[in-house]
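These notes are about the structure you will find just below.
Here is the naming used below: chain letters follow the sequence lines, and residue numbers restart at 1 for every chain.
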There are 2 protein chains.
Amino acid sequence: MPVYKAPVNDTLFVLNDVLGLERYNNLPGYADATPDMIEAIVGEAAKLSEEVLFPLNYSGDQEGCVRHDDGTVSTPKGFKAAYDAYRQGGWLGLAVPEEFGGQGLPYVLHCAVGEYTSAANMSLMMYPGLTQGAIAAILVHGSDEQKQTYLPKMVEGSWSGTMNLTEPHCGTDLGLLRTKAVPQADGSYKISGQKIFISAGEHDMTDNIIHLVLARIEGAPEGTKGISLFIVPKFMVKEDGSLGARNPVSCGAIEHKMGIHGNATCVMNYDEATGFLIGAENKGLNAMFVMMNEARLGVGLQGLSIAEIAYQNAANYARERIQGRSLSGPKAPDKKADPIIVHPDIRRSLMTIRAFNEAGRAFLLWTALKSDIAHRSPDDKDRQAADDILGLATPILKGVMTDKGFEHTVMAQQVFGGHGYIEEHGMSQYVRDARIAMIYEGANGIQALDLVGRKLALNGGRAVMALFKEIGDFCEENRNDEQMAFYTKQLKKGLNDVQAATMWFMQNAMAKPDNAGAGSTDYMHLFGLVVLGYMWAKMAKAAQTGLAGGDSAREDYLKNKLVTARFYMERIMPETALRKARIETGADTMMELAAEAF
Amino acid sequence: MPVYKAPVNDTLFVLNDVLGLERYNNLPGYADATPDMIEAIVGEAAKLSEEVLFPLNYSGDQEGCVRHDDGTVSTPKGFKAAYDAYRQGGWLGLAVPEEFGGQGLPYVLHCAVGEYTSAANMSLMMYPGLTQGAIAAILVHGSDEQKQTYLPKMVEGSWSGTMNLTEPHCGTDLGLLRTKAVPQADGSYKISGQKIFISAGEHDMTDNIIHLVLARIEGAPEGTKGISLFIVPKFMVKEDGSLGARNPVSCGAIEHKMGIHGNATCVMNYDEATGFLIGAENKGLNAMFVMMNEARLGVGLQGLSIAEIAYQNAANYARERIQGRSLSGPKAPDKKADPIIVHPDIRRSLMTIRAFNEAGRAFLLWTALKSDIAHRSPDDKDRQAADDILGLATPILKGVMTDKGFEHTVMAQQVFGGHGYIEEHGMSQYVRDARIAMIYEGANGIQALDLVGRKLALNGGRAVMALFKEIGDFCEENRNDEQMAFYTKQLKKGLNDVQAATMWFMQNAMAKPDNAGAGSTDYMHLFGLVVLGYMWAKMAKAAQTGLAGGDSAREDYLKNKLVTARFYMERIMPETALRKARIETGADTMMELAAEAF
């Protein structure tokens, strides 16, 4: 049966040694986040994940959700109790301002914890995950009344939230959406239409569900300029905060999906349901993007989470399964065969996954720290600089970590041979679950276009130039550090490739935008390789600092860090040249065939 | 709902224009295979696949197989009737010698047909697929009596066959197997033990099932040198050929798997079941490898099949789904959005899959032709040369086409966005089905080791040198052909990389075998890239010849061939440099961590 152990030491290494979190104690919430406090929180989250959430992961997949004839939906056995443990622990509001019932701690801690909980039970964690996106949107765009009405209950988790964007004929292109909103005399709206693929759209875990719904106000302009965002509660909320009438919004069906069976993916029907405008009329996309950006980080995190649990199980299996002999002579001569971890090809897989996971964890937390700075710093310049990087990093985190997360989960499954293909060991579930992360909250092709088509050029390329400079400066600063030479040399090569590719777009994609589209996915991965390489260089530096300081308790850990850093630089980093070469071939060949020739 | 159309024109192009099948009419069975005959056979197979097999693919996945309390197994509704249509059409024996009821036609035709039938219904086609492997083993290693007793019924498909290798504690390392065979006075054996992952181990489609079972004769040496192969019929066969007593071999359970739900994957229990030795005592692995090599080609073929049906559905969806506008201005101004096939990133996916599928088809049929020459040529030297290439090509075909087949099926699923993740469109099934092909008949890591550790060095590297020469000669012969210059230049680069990597192994892996293991998977893919590139160069040549000859009926088809060839050479071929670079980093870093550090 599957196992999971939260990688607490690695998280603490990133937070303390690599990011140096204590340097940020001028940010609100950070003063409380002392190293001891961080260790305690992360340790508690590990315990919850391992002992409460994880034991329901496999059974939740096998059982799935059930929609009953009356439109109610049952979640798998044990889910409600586990969810209650999660919400009663105050985890939902970890980083939410205290005035709405949260703890106001750093968002970076929320992400550190989120890795564990999603690894332990991705389907279950999607319920509060969607709530968090909705909380973010209401926090930023809601009126004071809306905040008071909805946030405290959502933060304590007794109500949940959803995002209602997709319709049968429109997903990526929200300008096509048809759900309509008719203004009422009392200032509310009647919402009618159908939404599909609504995660956690209906379930039995909370007293109320707060749907955030994109719709078009009658008479609004066509396209994306006529879209507004509405709060549509499942049960109306009375003035005293108690629940009133059932709103006519219902789950028409739940989807039969490849994975995340423990989460109810619903078709939601709105039949003149009462909704309340959130934010400005026809500015729904802005409000939606607050949810979306938060959700994209959360999905990138899922890519890491599943790749991590898959890695752990593959490593365990590779240590235990005996089969064949080492190419360099028996390693377990007392046994009939060696454990398969002696085989280089098995190690190639494990090292590859490990190299991405450890760098991915650093990248996630580094990005989350930027988010904290962007939202909490008292310094305008710092806020802007951090926000620039956050905007750039978000599509990379989402796209690269879910593409690679899936690829590596498949790689981990492969370590099991035939035993990975049967459901019993849980590897099939991880693959089926990880697959969705490449798709939802903007398919990865859209992330790549967001990066190349929007984020690169924003403010005259300010963000990308700042990041290139930061990485270049790191290489420069360590120029005379012999121990760092190998890492910075490889990083510099990667940096040169992504800079050259960026230049190529500037020269070739302005006049011919198809050249940007043709190279977008390769560019996203090229950028990802370099950013993850940067994380590895930073981690190598921190490991060397630790070793030089005589950190004997972590000596093995820190040395292994350096080995994995070397593996990344040797085996993974050279891919930047291939990605760059592909980008530079442009769009001509791929655009040449007639549509009907495919 | 999913669609499938057998790519008949492309098959005929490969058989006629690229391979020039009519040049081989000196081989037994080839004289009958005139272009008209080939077209008729391929056309019939297309019809059977599209109209009989394919309509049961989705329902078969949804319904799955059921084991009843008495140990019998029901296959999904309609499977038996479709199987009967297949076997009554004589498809099972297409390439089997006429004396055993087959048609004696080229094996290359069998593979051409096999692509369609497996694309249309992989799970269903595994039943006769396993029979074919068993037929091959009996043909080569069976006694005359065994051939007469079993082959005619198996060739007509009224009996099926299985391969029983894996046990719970041993898969790859067959030397560990425990199933035992006790000699009886009458020359038969009593077989006892448990086998797992037995595809088509029990079902309701045939009158009898002929299990080929690896077991250890009492007192035989340990390890692989003590393994023998046995025929264990489900029902004993009387002297007159009629069925007798039920042999004590039974299905104890069927596995709950990620995919191929329509095929019964069985735990088989042998309780002193009567078995008959096939081939020599303790030489079971030799006999098994006859089945295995045939099966590996068949699995490589499955990789192509599923990637092809996934591609077709993705292309259709991309033409029909309207969402967003082309980066270069509206292409369907009368509609609210453009079909997504206008987006470069969608085309990147479709072109990538297409480039592999078309080359993969050529590679499959080219390899099958080598198999025909190896088995049928009257010329010793030709036989040996073809057998050399066949041995080299088999692990590449299996490993590369199933790795890429899966990757590209996932890529095709991605084109559907969220609609690819729900079961309804069939894309999830293709992904789940394609996944097994990377695992069974030797996981792909084993294919890579077979290539690097065994096939490369065989007979002093005779095979690999011959193939390098063939590809080099092709480039040389076309040196002055301007139209071919781009293709041969790129091919030559790839050839240089695979030659350099081969040299690196010679210099670095003899003394340190871990260096071979560490680079094996990259080498397999590197070699695959070059062989597929060679296929593209040959196809480009054939297309140019067709165009120069004024083949106006196929003008668009042939021009599109050249565009796809260019895409492969521009975007895919440069990967050889990365693969080579990885190989040359060797094993040191990946072998450094202690097992418990993972």
Which atoms of [X] approach chain B - backbone, side chain, both or neither, heavy atom under 4.5 Å:
| X | result |
| --- | --- |
| A/Thr172 | both |
| A/Asp588 | neither |
| A/Ile341 | side chain |
| A/Pro168 | backbone |
| A/Arg571 | both |
| A/Arg321 | side chain |
| A/Phe406 | side chain |

Checking heavy atoms, do the side chain of [X], its backbone, both or neither come under 4.5 Å from chain A?
| X | value |
| --- | --- |
| B/Tyr311 | side chain |
| B/Gln62 | side chain |
| B/Asp522 | side chain |

Side-chain donor/acceptor of [X] to backbone N/O of [Y], under 3.5 Å:
| X | Y | result |
| --- | --- | --- |
| B/Arg348 | A/Ala518 | no |
| A/Glu255 | B/Ile422 | no |
| A/Gln323 | B/Gly171 | yes |
| A/Gln414 | B/Met438 | yes |
| A/Glu575 | B/Leu578 | no |
| A/Tyr421 | B/Tyr440 | no |

Winner by heavy-atom pair count (cut-off under 4.5 Å) against chain B, out of [options]:
| options | answer |
| --- | --- |
| A/Glu423, A/Gln312, A/His343, A/Arg354 | A/Glu423 |
| A/Ile436, A/Asn444, A/Ile572, A/Val563 | A/Ile436 |
| A/Gly223, A/Ala587, A/Gly259 | A/Gly259 |

Inset, instruction - Could you list which of residues 589-598 of chain A have a heavy atom closer than 4.5 Å to any heavy atom of chain B, in residue-number order? - result: A/Thr589, A/Met590, A/Met591, A/Glu592, A/Leu593, A/Ala594, A/Ala595, A/Glu596, A/Ala597, A/Phe598
Mind ranking [options] by heavy-atom pairs under 4.5 Å with chain A and telling me who comes out on top?
| options | answer |
| --- | --- |
| B/Ala443, B/Gly517, B/Gly445, B/Ala448 | B/Gly517 |
| B/Ser428, B/Ala314, B/Ala315, B/Ala577 | B/Ser428 |
| B/Arg347, B/Lys336, B/Glu407 | B/Arg347 |
| B/Thr265, B/Leu174, B/Ile446, B/Ile260 | B/Ile260 |
| B/Gly417, B/Ala516, B/Ala581 | B/Gly417 |
| B/Asn560, B/Val410, B/Asp556 | B/Val410 |

Inset, instruction - Measure the CG-CG distance between A/Asp514 and B/Asp345 for me, rounded to the nearest 0.5 Å. - result: 11.5 Å
Legend entry - Min side-chain heavy-atom separation A/Gln413-B/Arg435 under 4.5 Å: yes
Inset, instruction - Flag the pair A/His419 / B/Ile196 as yes when at least one side-chain heavy-atom distance between them is below 4.5 Å, and no otherwise. - result: yes
Inset, instruction - Determine, step by step, whether B/Phe567 and A/Thr585 satisfy the side-chain contact (heavy atoms from CB on, under 4.5 Å) criterion, reporting the C-alpha distance in whole Å, the side-chain angles of both residues, the deciding distance to 0.1 Å, and the verdict. - result: CA-CA 9 Å; B/Phe567 182 89; A/Thr585 63; over 6 Å; no
Inset, instruction - Report the C-alpha distance between B/Asp173 and A/Arg325 in whole Å, list the side-chain angles of each, state the deciding distance to 0.1 Å, and finish with yes or no for salt bridge (Lys or Arg N to Asp or Glu O under 4.0 Å). - result: CA-CA 9 Å; B/Asp173 187 355; A/Arg325 286 294 184 192; over 6 Å; no
Inset, instruction - Return the minimal non-hydrogen interatomic distance between B/Ala337 and A/Leu176, and the atom names on each side. - result: CB-CD1, 4.2 Å
Inset, instruction - Check the pair B/Glu570 / A/Arg582 against salt bridge (Lys or Arg N to Asp or Glu O under 4.0 Å), numbers first and verdict last. - result: CA-CA 7 Å; B/Glu570 281 176 357; A/Arg582 284 194 191 144; over 6 Å; no
Inset, instruction - List the steps and the verdict of side-chain contact (heavy atoms from CB on, under 4.5 Å) for B/Met427 and A/Met258. - result: CA-CA 9 Å; B/Met427 300 308 286; A/Met258 185 173 175; over 6 Å; no
